[in-house]
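The structure appears right after this line, and notes come after that.
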Protein chains: 2
Amino acid sequence: MSAHEAIAFLKSRSLGVLIEPEIERMIMSGEIKPGDRINENALALRFGTSRGPIREALRSMEAGGLVALVPNRGVYVRSLDLATACAIYEVRAALFGMAGRCAAERAGAEDICRLETLVAEMDRAVDAGDFETYYPLNLAFHQAILAASGNHLLAAQYASLIKQLHLYRARSLVQGGGLHVSNQEHRAMVDAIAARDPEAASRTHFDHVMRSLDRLRAAPAAHAAT
Amino acid sequence: MSAHEAIAFLKSRSLGVLIEPEIERMIMSGEIKPGDRINENALALRFGTSRGPIREALRSMEAGGLVALVPNRGVYVRSLDLATACAIYEVRAALFGMAGRCAAERAGAEDICRLETLVAEMDRAVDAGDFETYYPLNLAFHQAILAASGNHLLAAQYASLIKQLHLYRARSLVQGGGLHVSNQEHRAMVDAIAARDPEAASRTHFDHVMRSLDRLRAAPAAHAAT
DNA sequence: CGTCTGAAGATTGTTGACAATCGACAGCGA
DNA sequence: TCGCTGTCGATTGTCAACAATCTTCAGACG
């Protein structure tokens, strides 16, 4: 498969496309923080390219909501306030509800099996108090549902929202709230999918995200002014 | 206000940003058709710029799902097959359901008033058999609901999906199906919002789009192979 | 007659340089 | 001392040119 990889690498050779996920990684890892200005020259120097591909990558990321373009002043990593984060959660809830509904209608046996396995593993992690294991399992669980929905656009849009949520200043609070043990909800979700009950699946998935939104709203407004 | 406009024009001066909606218009108007290849030189010549801003605009549009980038071969106007169009409809239904729910919770009196006015006008257009009037009213009605939802992201994502749907080859069929007089559904939607009933609003809005999806699926597969 | 090879033309991907704009700072005046 | 103005450095926006790649098409070969 190394030949395939090499071909794929050569195929995807347009520096802008290659650079974009790298800049995304820099944002997600915290190397560049929300509100920071991005210097095109510095990035070009870092990646050993000219500014053209950098600008292309940034324009693509702007459409994805990760950065904001300010004319004649450069691109800034977007910084989300509470209201915007809540708006994202609402959209996310709508998408996730639909994902549950579609999964209930279309999930294959192996999809359901995988979901049940993940819930079981999360149960074990919760019992052991091992949140280090729980968190990635939780991510994998949500992604497995999106995959089971059979709707690629749905999955892509959802992933885009998750990325944007990383730009919320007080996201640690959200993550902390997310660790709120909600595996009972997860089990209800899988049960609805396994029962092929689209309505129940839609409701449980939707409510699952909306409860996170409630926790987000209830969290102390610990975001500093810019 | 001409001074303000001039200032706004100067402010937004980055050719890429200015060019992007222009290319969109060319696609929406059918000047460029789905599947067509876009020649950067031709566009640059047409707009009197160099290829740089053109490429930036295209990269942004690619993120919006209007065009597809094929390495070393150029950008193509995306062409949607039936399955992809259905996937878009599903996401659209999810978003629109959420929009109805939010509108039921947050719409102002003037929002509801506007919605009722639009439904009344559509009623009149239907009675008169004036579909030429009905169609833009229908668009305005949907947009008014998105505005009443108070969620800008929701409105933006919805608008993006509508644009993408224009790329479906047999979209005339969809539009024809859309002209299927559904003003009773519209009235039910507004009633649910006016009654401040989020659940009913969510359901009516969601079903409204899903019924369009059913019509789309039922339509004869009149799309030619590429 | 069909297929393969190779060169020509066209188009994309990328670069470095130039012009325009913005923010900061020193200097001047009240 | 405070506010205004003009200049300087830094950065963005844009361009024209170069290199690499792909497509096309003519011609040779089996």
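We name chains A, B, ... by the order of the sequence lines, and we start the count at 1 in each one.
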For this session: Indicate, with yes or no, if the rings of A:His142 and A:His186 have centres closer together than 6.0 Å.
Result: yes

Give the rounded distance in Å between these two atoms: [atom1] of [X] and [atom2] of [N].
{"X": "A:Ile19", "N": "C:dT15", "atom1": "CD1", "atom2": "C1'", "result": "13 Å"}
{"X": "A:Tyr76", "N": "D:dT11", "atom1": "OH", "atom2": "P", "result": "12 Å"}
{"X": "B:Leu58", "N": "C:dT11", "atom1": "CG", "atom2": "P", "result": "15 Å"}
{"X": "B:Leu45", "N": "C:dT12", "atom1": "CG", "atom2": "C1'", "result": "17 Å"}
{"X": "A:Leu18", "N": "C:dG13", "atom1": "CG", "atom2": "P", "result": "13 Å"}
{"X": "B:Phe47", "N": "D:dT14", "atom1": "CZ", "atom2": "C1'", "result": "16 Å"}
{"X": "A:Glu56", "N": "C:dT14", "atom1": "CD", "atom2": "P", "result": "7 Å"}
{"X": "B:Ile54", "N": "D:dG13", "atom1": "CD1", "atom2": "C1'", "result": "14 Å"}

State which of [options] makes the closest approach to the side chain of [X].
{"X": "B:Asn39", "options": "D:dT12, C:dT11, C:dG13", "answer": "C:dT11"}
{"X": "B:Ser14", "options": "C:dT12, C:dT15, D:dG13", "answer": "D:dG13"}
{"X": "A:Asn72", "options": "C:dG23, D:dT23, C:dT21", "answer": "C:dT21"}
{"X": "A:Pro53", "options": "D:dT12, D:dC22, C:dT15", "answer": "C:dT15"}
{"X": "B:Leu15", "options": "C:dG23, D:dT23, D:dT14", "answer": "D:dT14"}

- Task: Would you indicate what B:Ile38 reaches in the nucleic acid, counting non-hydrogen atoms under 4.0 angstrom: base, sugar-phosphate, or nothing?
- Result: sugar-phosphate

Worksheet item: How is B:Gly52 classified with respect to the nucleic acid when contacts are heavy atoms under 4.0 Å: base, sugar-phosphate, or nothing?
Response: nothing

Quiz question: by atom type and distance under 3.5 Å, do the side chains of A:Ser149 and A:Arg106 form a donor-acceptor pair? no

Query - Donor on one side chain, acceptor on other, A:Arg114 and A:Thr117, under 3.5 Å - result: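 Not at all, the side chains of A:Arg114 and A:Thr117 share no donor-acceptor pair under 3.5 Å.
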
### N or O in side chain of B:Arg51 less than 4.0 angstrom from D:dC15 OP1/OP2
no

Can you tell me if the side-chain N/O atoms of A:Arg55 get under 4.0 Å from OP1 or OP2 in D:dG13? yes

Criterion side chain to side chain contact (heavy atoms under 4.5 Å, CB included) on B:Leu165 and B:Tyr89, from CA distance to verdict: CA-CA 8 Å; B:Leu165 280 178; B:Tyr89 261 84; 3.7 Å; yes

- Salt bridge or not for B:Glu40 and B:Arg46, using N-O below 4.0 Å?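 No, this pair does not count.
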
Heavy-atom nearest nucleotide on DNA chain D taken for B:Ser50 and for A:Arg73; more 5' hit belongs to A:Arg73

